There are 2 protein chains.
Amino acid sequence: MSGFLRYKKILDLFSEERSSWTVLEISKALETPSSTIYRIIREMVSAEFLESAAGSYFRLGPAFIKFNRIINFSDPLVRAGQPFLKKLADENPITSVNVLARLYGNKVMCVADYKSPSFKKNTSYQRGKLMPLIYGATSRAIIMQITNKKLQDLINLENFKSDEDKNNFLKDLKNDRKKGYCFTEGQVDKGLIGFAVSISNKKLGIEASLSSIFDLDEFLLEHEPVIYANLTSYGLLVEKYINEIFEDIQKYHHETNSIR
Amino acid sequence: MSGFLRYKKILDLFSEERSSWTVLEISKALETPSSTIYRIIREMVSAEFLESAAGSYFRLGPAFIKFNRIINFSDPLVRAGQPFLKKLADENPITSVNVLARLYGNKVMCVADYKSPSFKKNTSYQRGKLMPLIYGATSRAIIMQITNKKLQDLINLENFKSDEDKNNFLKDLKNDRKKGYCFTEGQVDKGLIGFAVSISNKKLGIEASLSSIFDLDEFLLEHEPVIYANLTSYGLLVEKYINEIFEDIQKYHHETNSIR
DNA sequence: AGCTTAATTATCAAATAATGATAATTGTCT
DNA sequence: AGACAATTATCATTATTTGATAATTAAGCT
């Protein structure tokens, strides 16, 4: 183990299910002597990436809250899209969960979400959560904008049940790309349906989606045109704002560089 | 530069004001050859702690969103306190910003916040933001529970205008400790006032505070008893929940350890 | 499409840091 | 105060990082 991986392997042990670890537990899990782990943990604690909790346990440190905030206030996708999620929810014909998501490695990550206050069911789409690449409208609206080699590489990492499954998936993808939006039913959460449109910005390397998730029990066919109209118009609006933010950033960097 | 510091120094360059950097800029800022920075950046990008943006710029990566989420769902303070912030806001006599904050190094960090929808003015208290240790009720309710050497060390890091200032601060601290809550006016944001109570849990090493911030223009003296009652009762409630979460965690670790 | 320049990766010997077994110290609980 | 667990210190060995330079790849421009 070397470089940043040494630290990342430790951080990756911490999860929602298991959020505190002792040095001995880490030492066992990574098959590394505890004297080494003690040394590394000490470093990470002093950098506030970990912190010591009760009973010689350690947990994730406040550095993550700090950097998360910086992303919130500076990430073009979050900045551009976050403010529209509530509006989208308010304009949808029935209660909804509205999500901005993006590619994260070979998964999809939700980077912002807004749930109507009266939305009852639980959903998997919450900020920071990783979602499967090939299930759900949210994910599909992201991969349907990816092409060629990158798409091949991503798809090859997935385990399809059969070749037929894989071909069907690719066919659906093609259709949705033509239509310009996605619909799926119960692929991620039972009893929920999702609609999604792509969000992209080539210059900023953004491959994302905007989606609305509804309770199947509340949904009527007549809602679809409104949902579709809302998503596409807000999707375009978000892309427009991303572009404005991009120009702001450019201007800023231009200024700071010419001062030097 | 060695160990984790090598990586942390790069991450620390990223801020709300300056959220993207090129390799060359980092190389200059840290006075390190660009070939070295390139290598390190590559590592951090593949770990998703950084990501490449447009125009050969790099920005903070989605790993922070992911780990932030894990903290949200597992940190005892956030888990216990977050749900009460809205309730506190709703029960306060006038619109308010309500904040959970904790010690972070020699600063205070807001770890959860809820602003009444109709609250007009801007405040500095937002999740993830670092606040000064010696200004504002939010901070004072934290340090007033700290004693002896730890208090000395923290105070010694602060720059007081004069020795008199320092002594007055310590005197105020002592008074507030007796009263059990803090009040300050305009110390952090002009035109705003803050009330705060301490939140602590020795076993979990939690040194925190719960606070409500109001617009001075809306505040009347008759509001104070209600504000005070709300804060103290919710403060105790949060501490009770922290304790329950602590016991849950213990039970969980007990189980997982006996399985092995 | 081809040309130009900037961005990024690869190479490798020298310099530096990480490792882990062990011992020493500190902290905690009764 | 004593016993046990947690943490830190030590240090020779081993492995990794460094940075100057060269090679490659990507991006911008006409």
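Just so it is clear, the model here is predicted, and its values are computed rather than measured. Throughout, protein chains are lettered first and strands after them, A, B, ... in sequence-line order, and every chain is numbered starting at 1.
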J.: Exactly one of A/F14, A/F49, A/F64, A/F67 should register a ring pair (Phe, Tyr, Trp, His ring centres under 6.0 Å) with B/F67. Which one does?
T.: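 Answer after filtering A/F14, A/F49, A/F64, A/F67: A/F64.
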J.: In whole angstroms, how far is the P atom of D/dT7 from the CD atom of A/E25?
T.: 12 Å
J.: Identify, with sequence neighbours excluded, every residue that meets salt bridge (Lys or Arg N to Asp or Glu O under 4.0 Å) alongside B/K8.
T.: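 Testing B/K8 for salt bridge (Lys or Arg N to Asp or Glu O under 4.0 Å), a comparison that skips the adjacent residues, returns B/D12.
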J.: Give one of base, sugar-phosphate or nothing for A/S35, where a contact means two heavy atoms less than 4.0 Å apart.
T.: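 Touches a base.
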J.: Can you tell me how far C1' of C/dT28 sits from NZ of B/K202, to the nearest Å?
T.: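 Taking atom C1' of C/dT28 as the reference, NZ of B/K202 is at 14 Å.
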J.: Could you tell me whether B/R59 and B/E51 have a side-chain N and a carboxylate O separated by less than 4.0 Å?
T.: yes
J.: Any carboxylate oxygen within less than 4.0 angstrom of a Lys/Arg side-chain nitrogen, looking at B/K107 and B/E158?
T.: no
J.: Rounded to whole angstroms, how far apart are CD on A/E31 and P on C/dA21?
T.: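 Those two atoms, CD and P, are 13 Å apart.
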J.: Between atom CD1 in B/I10 and atom C1' in D/dT18, what is the gap in whole Å?
T.: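 It is 14 Å, rounded to the nearest whole Å.
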J.: Quick one: list whatever passes salt bridge (Lys or Arg N to Asp or Glu O under 4.0 Å) with A/K179, sequence neighbours left out.
T.: A/D176
J.: So what does B/T32 touch, heavy atoms closer than 4.0 Å: a base, only the sugar-phosphate, or nothing?
T.: sugar-phosphate
J.: So, for B/Q82 and B/A112, which heavy atoms are closest and what is the spacing to 0.1 Å?
T.: OE1-CB, 3.4 Å
J.: Counting the atoms with a prime plus P, OP1 and OP2 as sugar-phosphate, which does B/S34 contact under 4.0 Å by heavy atoms, base, sugar-phosphate, or nothing?
T.: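 Answer is nothing: B/S34 stays at 4.0 Å or more from every strand.
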J.: Tell me the interatomic distance from B/L50, atom CG, to C/dT8, atom C1', rounded to whole angstroms.
T.: 16 Å
J.: Quick check against the 3.5 Å criterion: does A/S209 have a side-chain atom that pairs as donor or acceptor with the backbone of A/T138?
T.: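 Side chain of A/S209 to backbone of A/T138, a donor-acceptor pair under 3.5 Å: yes, one is there.
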J.: As a test of reading the structure: which of C/dA21, D/dT18, D/dT7 is closest to the side chain of B/R6, going by heavy atoms?
T.: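 Nearest nucleotide to the side chain: D/dT18.
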J.: Which distance, rounded to the nearest 0.5 Å, do you find between the OG of B/S211 and the CG of B/L100?
T.: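 If we round to the nearest 0.5 Å, B/S211:OG and B/L100:CG are 8.0 Å apart.
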J.: Please say which of B/I146, B/I134, B/I143 ends up in a side chain to side chain contact (heavy atoms under 4.5 Å, CB included) with B/L173.
T.: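 Exactly one candidate clears the test, B/I143.
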J.: Measure the distance from CG on B/L24 to P on C/dT8 and round it to the nearest whole Å.
T.: 9 Å
J.: What residues from residues 36-45 of chain A pass a heavy-atom cutoff of under 4.0 Å to DNA chain D?
T.: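 Those residues whose heavy atoms fall under 4.0 Å from DNA chain D, taken from residues 36-45 of chain A in numerical order, are A/Y38, A/R42.
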J.: Rounded to whole angstrom units, what separation is found between the CG atom of A/L30 and the P atom of C/dA18?
T.: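 In whole Å, C/dA18 P and A/L30 CG are 17 Å from each other.
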J.: Going by an N to O cut-off under 4.0 Å, is there a salt bridge joining B/R18 and B/E25?
T.: yes
J.: Using the C1' atoms of the five pairs at each end, what is the angle between the end axes of the helix from C/dA1-D/dT30 to C/dT30-D/dA1, to 10°?
T.: 80°
J.: If each of A/S2 and A/S56 is mapped to the nucleotide of DNA chain D with the nearest heavy atom, which maps nearer the 5' terminus, i.e. the 5' end?
T.: A/S56
J.: Taking only residues at least two apart or on different chains, which pairs with a member in residues 137-159 of chain B satisfy ring pair (Phe, Tyr, Trp, His ring centres under 6.0 Å)?
T.: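 For residues 137-159 of chain B: none.
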J.: Could you run down nucleotides 22-30 of chain D 5' to 3' and tag each one B, S or - for protein heavy-atom contact under 4.0 Å?
T.: ---------
J.: Let me know the distance between CG of A/L5 and C1' of C/dA18, rounded to the nearest Å.
T.: 15 Å
J.: Using only heavy-atom distances, determine whether the side chains of B/S34 and B/S27 contain a donor-acceptor pair under 3.5 Å.
T.: no
